[in-house]
Amino acid sequence: MAEVKVKVQPPDADPVEIENRIIELCQQFPHGITDQVIQNEMPHIEAQQRAVAINRLLSMGQLDLLRSNTGLLYRIKDSQNAGKMKGSDNQEKLVYQIIEDAGNKGIWSRDIRYKSNLPLTEINKILKNLESKKLIKAVKSVAASKKKVYMLYNLQPDRSVTGGAWYSDQDFESEFVEVLNQQCFKFLQSKAETARESKQNPMIQRNSSFASSHEVWKYICELGISKVELSMEDIETILNTLIYDGKVEMTIIAAKEGTVGSVDGHMKLYRAVSPIIPPTGLVRAPCGLCPVFDDCHEGGEISPSNCIYMTEWLEF
Amino acid sequence: MKRKLYYIFLFFLALRLPRTMTQAEIKLCSLLLQEHFGEIVEKIGVHLIRTGSQPLRVIVHDTGTSPDQVKKALCVLIQHNLVIYQVHKRGVVEYEAQCSHMLRMLRYPRYIYTTKTLYSDTGELIVEELLLNGKMTMSAVVKKVADRLTETMEDGKTMDYAEVSNTFVRLADTHFVQRCPVVPATEDSDSGPPPPAPTLVINEKDMYVVPKLNLIGKGKRRRSSDEDAAGEPKAKRPKQSTDNKEPIPDDGIYWQANLDRFHQHFRDQAIVSAVANRMDQTSSEIVRTMLRMSEITTPSSAPFTQPLSSNEIFRSLPVGYNISKQVLDQYLTLLADDPLEFVGKSGDSGGGMYVINLHKALASLATATLESVVQERFGSRCARIFRLVLQKKHLEQKQVEDFAMIPAKEAKDMLYKMLSENFISLQEIPKTPDHAPSRTFYLYTVNVLSAARMLLHRCYKSIANLIERRQFETKENKRLLEKSQRVEAIIASMQATGAEAAQLQEIEEMITAPERQQLETLKRNVNKLDASEIQVDETIFLLESYIESTMKRP
């Protein structure tokens with residue numbers, strides 16, 4: 001009998017079988033498997049067949065390709081996401097990846113271009129595509145009103161983008177800030193008044209005229225004038241504006257960790273104060289507030305002799 | 001080579017020139033000189049301010065006035081400490097104008113009023129006489145003041161010289177009046193021809209020593225027709241001028257008002273009222289006590305007072321204030337801890353040593369003045385931004401908007417407005433050597449010293465405007481004023497000769513009702529302008545003190 005050379009066909013040389021094997025392996029190791037692991041599992045498959053299988057899985061969107069410090073990793077992709085991206089091509093997936101990485105701060109279109117090295121027209125097309133599929137959304141940044149940052153559809157934009165409690169729909173709420181400003185000041189003022197009238201020894205008087213930022217925060221919350229939940233930092237920014245108005249002064253004292261309102265072992269105390277000088281003499285004369293001061297000289301069109309501001313002021 | 005010589009010449013020329021005066025200051029000095037001393041003195045004075053130090057014949061030549069008049073004008077100016085003289089090499093005497101002294105003429109009403117509050121009418125008149133006459137001997141002052149006070153007293157009462165002398169001594173003890181420098185007594189009488197101009201010296205110790213005078217007498221009235229019951233004819237009244245023939249015991253010892261001491265007092269007042277506004281009455285009284293204790297011991301330009309122990313302060317508190325020692329200590333601790341930083345603790349001996357931080361106090365007052373001006377001129381939001389940049393020293397545009405919680409557009413507008421008025425300045429920090437605007441940081445900052453100088457200049461111009469307006473208003477109504485003066489003179493003389501009521505009525509009606517109204521309005525306007533000048537002068541004082549204190553620091 002002649003020897004028949006029988007090529008032993010390995011049982012799972014079928015490409016589909018290879019792919020299924022690889023997927024099973026990935027599911028076993030959800031963190032990802034290296035090429036080495038696949039090789040160990042299926043030592044009889046040639047490298048070329050392995051590569052073809054892996055490429056097919058990647059293009060179908062069932063595997064993720066990751067780079068780690070040991071080499072390349074293959075990870076099973078979330079089936080839900082895999083379904084979403086079915087219709088997209090590689091470029092779109094790349095862009096989506098970049099946006100996902102940006103988290104809730106969002107990323108600007110120019111930055112996407114840098115990261116993906118794709119031309120502008122392509123980027124725009126892809127972004128429109130993704131938006132229509134409701135995978136990403138554009139959020140207008142409060143810092144520069146023309147800039148749009150992109151982030152995943154279901155993410156809440158970060159405070160730095162929307163401005164936090166003081167912005168509602170990109171508009172700075174001046175009246176809200178003003179109202180809070182006045183309320184805080186009134187609270188501190190009344191506290192100082194009661195302290196002054198108690199007529200005890202000066203140390204106690206001064207200490208009781210102080211209010212910590214925690215107290216003010218509680219008072220404002222109880223007042224209920226704010227629709228938005230305000231944190232202690234927000235109240236502190238409002239109190240800082242009062243300091244810049246010259247109506248309030250602040251001291252920091254060391255406080256035990258456990259006391260209410262202390263942050264990192266210290267507390268901020270605020271107190272209402274009055275200005276140290278009355279409005280100065282210069283502003284009581286019309287020249288102090290005159291808008292055409294520099295043009296005024298004797299013998300000219302505008303001069304002290306025919307100054308209308310002075311005439312009005314003298315008739316008071 | 002010639003160019004080098006030229007530059008060296010310019011350099012030396014520049015050394016001799018005084019601080020260049022701004023246009024506004026020169027204008028103000030000219031107005032003040034004219035009002036107080038007249039046209040000729042004004043011409044000479046302004047010429048000297050503009051050209052610096054000059055000898056007599058150059059002044060005569062340049063101003064075109066006769067030497068006699070120039071000499072008289074210079075006499076007046078020197079008498080009032082507005083011009084000083086110096087002997088240069090080759091025996092040439094040069095005269096130099098003191099612009100800052102001229103500007104102090106604005107403050108005369110404030111000096112007089114302060115003395116009135118401290119030493120009542122007697123003190124007020126003493127200082128007034130000294131300011132009006134420049135320099136006077138003590139006996140002359142006492143006599144004049146006694147006469148003036150007697151005028152105002154009831155019939156039959158006169159002012160005793162002794163009382164006036166006492167007040168004078170008290171003024172000298174608290175350094176409000178001081179002796180003028182005198183010609184030193186030369187030991188060797190024949191050391192050659194006398195120098196063309198004497199060099200005046202004054203010993204520190206003698207500055208406030210009152211000569212032992214035995215001034216006995218009473219004030220005399222100018223017209224003693226009130227004293228004589230029966231109207232004796234004037235010729236028979238005994239002559240009062242015999243007293244003038246007696247030799248004056250303190251001839252040669254002249255006194256002048258010590259303006260620096262007044263300034264120290266104003267500064268103390270400002271600090272005390274600032275403490276009262278920020279804290280309470282008792283704290284301000286404690287600070288006042290501390291300042292009073294340091295009056296004589298600390299020179300007025302020092303940045304800190306001498307340290308005072310808490311025990312000393314307790315002993316020196318005014319009699320009415322009976323607070324216990326512990327309470328005083330508590331107040332002192334509170335003052336030392338306050339963010340204002342007016343009072344500092346320098347040691348623990350004697351119950352705690354405390355100093356008053358004068359330079360910081362003046363800086364705070366000047367900053368508060370700047371803030372007040374910004375608030376009144378541009379609004380409270382602008383004031384918020386101004387205080388913000390002041391506290392944080394350097395800020396970017398974005399940071400200003402965030403900290404101040406003001407919408408970006410408005411914040412930008414306000415910053416540019418303040419920038420154009422020079423309250424705020426811009427500091428560029430380039431990231432690249434080519435200073436490209438897109439790669440440069442632009443930081444807003446406030447330079448308090450230069451802003452204070454700018455505001456001071458504005459104050460000078462404002463006061464000049466107010467004075468001009470006042471003169472204009474008076475000139476407009478000159479005819480009416482003259483008429484009313486004539487009518488008053490007629491009425492006075494008719495009253496003296498005993499006219500009937502009906503006749504007086506007739507004369508009074510020469511001024512019609514609308515004219516009377518006009519006169520009233522004029523008086524009110526002039527008073528208002530006068531008061532405003534004094535108010536602007538308060539601002540000038542704070543700013544000048546701050547600038548002086550900052551420039552003197554090492």
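Residue numbers begin at 1 in each chain, while the letters A, B, ... track the order of the sequences.
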Handout entry: Most chain A-contacting option - heavy-atom pairs closer than 4.5 Å, from B:V275, B:V373, B:D280, B:L388
Key = B:L388

Problem - Whether B:R278 side chain and A:S274 backbone form a donor-acceptor pair below 3.5 Å - result: yes

Handout entry: Salt bridge flag under 4.0 Å for residues B:R387 and A:E249
Key = no

Problem - B:K392 versus chain A, the contacting section by heavy-atom distance below 4.5 Å - result: side chain

Practice task
Taking the side chain as every heavy atom from C-beta outward, state whether B:Q23 and A:H297 have any atom pair closer than 4.5 Å.
Solution key: no

Fill in the blank from the handout: One should read off an interatomic distance between A:M310 CE and B:N525 CG, to the nearest 0.5 angstrom, of 11.0 Å

Exercise for the section: Count the heavy atoms belonging to other residues, nucleotides or ligands that lie under 6.0 Å from NZ of B:K325, then report whether that count exceeds 12. Expected result: yes

Practice task
May I ask you to test the B:S532-A:R284 pair for a side-chain heavy-atom distance under 4.5 Å?
Solution key: no

Problem - Side chain, backbone, both or neither of A:E178 within contact of chain B (heavy atoms, under 4.5 Å) - result: side chain

Fill in the blank from the handout: Counting heavy-atom pairs under 4.5 Å with chain A, the top scorer among B:K461, B:E371, B:E538 is B:K461

Problem - Non-hydrogen atoms of B:F403 and A:T241 that approach each other most closely - result: O-CG2, 3.5 Å

Handout entry: Options A:I243, A:T311, A:L242, ranked by heavy-atom pairs under 4.5 Å with chain B, top entry
Key = A:T311

Exercise for the section: Can you tell which part of B:T521 gets under 4.5 Å to a heavy atom of chain A, answering side chain, backbone, both or neither? Expected result: neither

Exercise for the section: Report the option among A:G246, A:S305, A:C287, A:A285 that has the most heavy-atom pairs separated by less than 4.5 Å from atoms of chain B. Expected result: A:S305

Practice task
Please check if the side chain of B:R377 supplies one atom and the backbone of A:L289 the other of a donor-acceptor pair under 3.5 Å.
Solution key: no

Practice task
Select one option (side chain, backbone, both, neither) describing which atoms of B:E421 are under 4.5 Å from chain A's heavy atoms.
Solution key: neither

Exercise for the section: For the residue pair B:R381 and A:D245, establish whether any side-chain heavy-atom pair is separated by less than 4.5 Å. Expected result: no

Completion exercise
Okay, B:A383 and chain A: the region with an atom under 4.5 Å from a heavy atom over there is backbone

Exercise for the section: Determine whether the side chains of B:T539 and A:T280 contain a donor N or O and an acceptor N or O closer than 3.5 Å. Expected result: yes

Fill in the blank from the handout: Heavy atoms of B:S462 and A:L282 approach each other most closely as OG-CD1, 3.6 Å

Problem - Contact class of B:L340 relative to chain A, heavy atoms under 4.5 angstrom - result: side chain

Problem - Point-to-point distance, once rounded to the nearest 0.5 Å, from CD1 of A:I277 to OG1 of B:T367 - result: 9.5 Å

Problem - Contacting region of A:P279 [heavy-atom separation from chain B under 4.5 Å] - result: both

Handout entry: Qualifying residues under ring pair (Phe, Tyr, Trp, His ring centres under 6.0 Å), relative to B:F541, sequence neighbours excluded
Key = B:H263, B:F266

Fill in the blank from the handout: CG (B:L529) and CG (A:L314) are apart, to the nearest 0.5 Å, by 5.0 Å

Problem - Part of B:R470 lying under 4.5 Å from any heavy atom of chain A - result: neither

Completion exercise
Okay, B:S380 and chain A: the region with an atom under 4.5 Å from a heavy atom over there is backbone

Problem - From OG (B:S364) to CD1 (A:I276), nearest 0.5 Å - result: 5.5 Å

Handout entry: CE-CG distance between B:M405 and A:N240, expressed to the nearest 0.5 angstrom
Key = 9.5 Å

Exercise for the section: Indicate the atoms forming the closest heavy-atom contact of B:Q391 with A:Y244, along with that distance. Expected result: OE1-CE2, 3.6 Å

Problem - Heavy atoms of other groups near B:K360 NZ, more than 12 under 6.0 Å - result: yes

Completion exercise
Here the gap from A:D294 atom CG to B:R458 atom CZ, rounded to the nearest 0.5 Å, amounts to 7.0 Å

Exercise for the section: Find out whether A:S303 and B:F472 are in side-chain contact, i.e. whether some heavy atom of one side chain is under 4.5 Å from a heavy atom of the other. Expected result: no

Handout entry: Salt-bridge criterion met for B:D338 and A:R271 (N-O under 4.0 Å)
Key = yes

